[in-house]
Chemist: 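Below are the structure tokens for one structure; questions will follow.
These numbers come from a predicted model, not from an experiment.
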Amino acid sequence: MILLESHNVIIQTTLAEKFTKPSSLDVQFVDFDGVRFHLSTPDRKTLLVLSMSMRCWPELVQYGANDILEREYGQYLSKDVESQYNVTLQIDTDQIPPEGDAREALIKSISLIKRNALAAPFERAFQEQKAFEAQGDGLGKLMAIHYRDEEAIYVQAAHDRVTVVFSTVFKEETDRVFGKVFLQEFVDARRLPTIQNAPQVLYSSRDPPLEIRDVQGLAHGDDIGYVTFVLFPRHFQRPDIAESTISHIQLFRDYLHYHIKCSKAYMHSRMRHRVSEFQKVLNRAKTEVATTEKKTISGRTMASR
């Protein structure tokens with residue numbers, strides 16, 4: 001199984017091309033979870049404008065998304081946000097670093113704009129956990145991110161852990177079966193000695209876990225599943241570990257459904273192959289009808305009536 005990348009490949013490849021050879025541009029595209037982007041050069045070809053729209057932007061702002069984007073992009077943030085979008089970056093190709101590691105780092109950072117915005121509640125939860133740990137007790141406010149129409153992420157800090165709950169919808173019965181198999185493997189795999197330090201994973205269907213049971217408006221039904229990750233301080237104790245944890249856990253829902261679809265496609269291909277083999281066997285089992293002619297003693301051909 002592959003791991004999905006946190007950065008947007010279209011942004012990365014387009015910026016790498018336009019930084020080298022500026023030209024006019026106007027393209028709109030989407031990323032996972034319905035995030036919309038608009039990359040254009042409205043004024044001149046050396047001024048790239050990147051705008052992003054996220055369904056859960058008002059919630060992310062409450063959890064500090066603007067502070068994170070200011071920290072990551074600073075001078076590139078534009079006060080004039082493009083209409084119908086939530087945040088806009090302006091990159092002047094005449095003022096970017098020369099070719100090398102600095103330019104590559106800038107391109108990679110801009111391509112991570114969605115990841116950085118969605119990191120706000122996780123970074124706040126990690127900070128709250130450290131504060132509660134110093135106090136010896138405490139429980140943070142439950143932070144909800146409704147990043148899809150029927151699905152959400154819930155994050156809550158405690159003095160000894162950070163709990164992350166995903167709600168996910170399985171549109172089809174087969175998706176629910178495959179999803180249960182995958183998620184059970186997450187639970188069982190942690191028993192292996194080599195990965196016992198991995199986050200604890202819990203899965204429940206229909207009924208939400210205790211951490212979010214009091215949340216208003218939760219959906220109930222056979223097509224709803226809840227996945228709980230329990231992150232301990234060792235999973236975010238250093239900045240590089242915390243960054244990796246946030247990047248991976250954000251993509252869990254997309255990772256799960258991506259591999260469910262891949263598994264279904266593989267099963268269908270195997271079924272088609274098996275049917276083709278059965279057809280070959282049946283074709284070989286057909287008996288050939290004798291076509292020899294029977295003639296009389298005078299040489300006339302006998303015809304069956």
Side-chain angles (χ1 to χ4, degrees), residues 2-57 60-61 63-123 145 147 238-255 258:
I2 68 170
L3 291 177
L4 303 178
E5 297 288 346
S6 299
H7 65 277
N8 187 284
V9 177
I10 298 178
I11 296 177
Q12 184 183 36
T13 55
T14 304
L15 291 184
E17 177 185 349
K18 300 305 177 183
F19 282 2
T20 303
K21 186 179 180 181
S23 61
S24 298
L25 176 69
D26 189 358
V27 59
Q28 299 182 30
F29 49 98
V30 297
D31 204 339
F32 291 118
D33 308 321
V35 178
R36 297 187 298 112
F37 290 100
H38 184 203
L39 187 55
S40 62
T41 52
D43 298 327
R44 63 181 193 274
K45 64 182 181 180
T46 58
L47 182 63
L48 289 168
V49 178
L50 174 64
S51 300
M52 178 182 69
S53 172
M54 303 181 71
R55 184 184 185 280
C56 56
W57 180 255
L60 296 178
V61 170
Y63 306 140
N66 284 330
D67 296 334
I68 293 179
L69 295 183
E70 179 67 32
R71 180 191 71 198
E72 295 293 330
Y73 304 110
Q75 61 177 335
Y76 301 109
L77 273 178
S78 174
K79 295 181 180 178
D80 299 326
V81 179
E82 186 177 351
S83 177
Q84 299 182 358
Y85 291 88
N86 303 124
V87 61
T88 298
L89 302 182
Q90 292 186 350
I91 307 101
D92 191 341
T93 57
D94 293 331
Q95 300 178 6
I96 60 174
E99 291 188 15
D101 295 340
R103 178 180 291 188
E104 293 298 327
L106 174 61
I107 294 174
K108 187 65 176 291
S109 175
I110 296 175
S111 66
L112 288 169
I113 183 172
K114 174 201 167 188
R115 179 264 174 207
N116 291 332
L118 197 56
F122 296 96
E123 290 195 9
I145 309 101
Y147 68 119
R238 299 202 315 265
D240 58 330
I241 296 178
E243 180 179 351
S244 177
T245 299
I246 293 173
S247 297
H248 284 96
I249 203 168
Q250 282 182 2
L251 290 171
F252 169 75
R253 188 266 175 200
D254 303 317
Y255 170 87
Y258 170 78

Chemist: So L251 and S6, side-chain contact (heavy atoms from CB on, under 4.5 Å) or not? Walk me through it.
Modeler: CA-CA 7 Å; L251 290 171; S6 299; 3.8 Å; yes
Chemist: Assess the residue pair T88 and S51 against the criterion (side-chain contact (heavy atoms from CB on, under 4.5 Å)); give the C-alpha distance rounded to whole Å, side-chain angles, the decisive distance to 0.1 Å, and a yes or no.
Modeler: CA-CA 4 Å; T88 298; S51 300; 3.0 Å; yes
Chemist: Donor-acceptor check, side chain of T13 to backbone of V9, threshold 3.5 angstrom: yes or no?
Modeler: yes
Chemist: Determine the minimum heavy-atom distance between S111 and H7, stating which atoms define it.
Modeler: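 That closest heavy-atom pairing would be OG-CB, 3.3 Å.
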Chemist: Less than 4.5 Å apart, any side-chain heavy atom of Y147 and any of R253?
Modeler: yes
Chemist: Is there side-chain contact between R115 and S247, with at least one heavy-atom pair below 4.5 Å?
Modeler: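 Of all side-chain heavy-atom pairs linking S247 with R115, at least one is under 4.5 Å.
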Chemist: Could you measure the distance from the CE atom of M54 to the CD1 atom of I145? Nearest 0.5 Å is fine.
Modeler: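 Separation between the atoms: 10.0 Å.
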Chemist: How far apart are the C-alpha atoms of I107 and R103, what are their side-chain angles, what is the distance that settles it, and do they pass the side-chain contact (heavy atoms from CB on, under 4.5 Å) test?
Modeler: CA-CA 6 Å; I107 294 174; R103 178 180 291 188; 4.0 Å; yes
Chemist: Quick test of your reading of the model: are D33 and K114 salt-bridged, counting only N-O distances below 4.0 Å?
Modeler: yes
Chemist: So, are E123 and R71 salt-bridged, with charged N and O less than 4.0 Å apart?
Modeler: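 Yes.
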Chemist: Working to the nearest 0.5 angstrom, can you tell me the gap between L50 CG and T14 OG1?
Modeler: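 Taking CG in L50 and OG1 in T14, the distance rounds to 10.0 Å.
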Chemist: Just do the side-chain contact (heavy atoms from CB on, under 4.5 Å) check on L47 and T41 with the steps written out, would you?
Modeler: CA-CA 6 Å; L47 182 63; T41 52; over 6 Å; no
Chemist: Decide yes or no for L89 and S78: does some side-chain heavy atom of the first lie under 4.5 Å from some side-chain heavy atom of the second?
Modeler: no
Chemist: Could you tell me which non-hydrogen atom of E72 sits nearest to which non-hydrogen atom of N116, and how far apart they are?
Modeler: CG-ND2, 4.0 Å
Chemist: Measure from the side-chain N and O atoms of N86 to the backbone N and O of W57, and report whether any donor-acceptor pair falls under 3.5 Å.
Modeler: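 Not a single qualifying donor-acceptor pair exists.
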Chemist: So, taking the atom named CG in L39 and the one named CD in Q28, what distance separates them when rounded to the nearest 0.5 Å?
Modeler: 10.5 Å
Chemist: Within 45° of the ring axis of Y85 and under 6.0 Å from its six-membered ring centre, is that where the NZ or CZ of R36 lies?
Modeler: yes
Chemist: Specify the closest pair of heavy atoms between M52 and A117, including all atoms of both residues, with the distance to one decimal.
Modeler: CE-CB, 4.1 Å
Chemist: State, with a plain yes or no, whether a side-chain heavy atom of N8 is found less than 4.5 Å away from one of F29.
Modeler: yes
Chemist: For the residue pair V81 and V87, establish whether any side-chain heavy-atom pair is separated by less than 4.5 Å.
Modeler: no
Chemist: What distance do I11 atom CD1 and L112 atom CG have between them, rounded to the nearest 0.5 Å?
Modeler: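 I11 atom CD1 to L112 atom CG measures 9.0 Å (nearest 0.5 Å).
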Chemist: Would you give the length of the straight line joining atom CG of L60 to atom CZ of R55, rounded to the nearest 0.5 angstrom?
Modeler: 11.5 Å
Chemist: If you count the non-hydrogen atoms of other residues, nucleotides and ligands that lie under 6.0 Å from CG in D80, is the total more than 12?
Modeler: no
Chemist: Please identify each residue that fulfils side-chain contact (heavy atoms from CB on, under 4.5 Å) with I241, with sequence neighbours left out.
Modeler: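 Partners of I241 under the side-chain contact (heavy atoms from CB on, under 4.5 Å) test: Q237, R238, T245.
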Chemist: Look at atom CG of D101 and say whether more than 12 heavy atoms of other residues, nucleotides or ligands are closer to it than 6.0 Å.
Modeler: no
Chemist: Does any non-hydrogen side-chain atom of F37 lie less than 4.5 Å from one of V35?
Modeler: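 Sidechains of F37 and V35: in contact.
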Chemist: Do S40 and V27 come within less than 4.5 Å of each other through their side chains, counting heavy atoms only?
Modeler: no
Chemist: Which pair of non-hydrogen atoms, one from A119 and one from I68, has the smallest distance, and what is that distance?
Modeler: C-CD1, 4.0 Å
Chemist: For the pair Y73 (side chain) and I113 (backbone), establish whether a donor and an acceptor sit closer than 3.5 Å, ignoring hydrogens and angles.
Modeler: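 Yes, Y73 side chain to I113 backbone: donor-acceptor pair under 3.5 Å.
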Chemist: For residues 89-99, pull every pair meeting side chain to side chain donor-acceptor pair (under 3.5 Å), keeping only residues two or more places apart or in separate chains.
Modeler: R44-D92
Chemist: In Å and rounded to the nearest 0.5 Å, what is the CD to CZ distance from Q250 to F32?
Modeler: 12.5 Å
Chemist: May I ask you to test the S53-Q84 pair for a side-chain heavy-atom distance under 4.5 Å?
Modeler: no
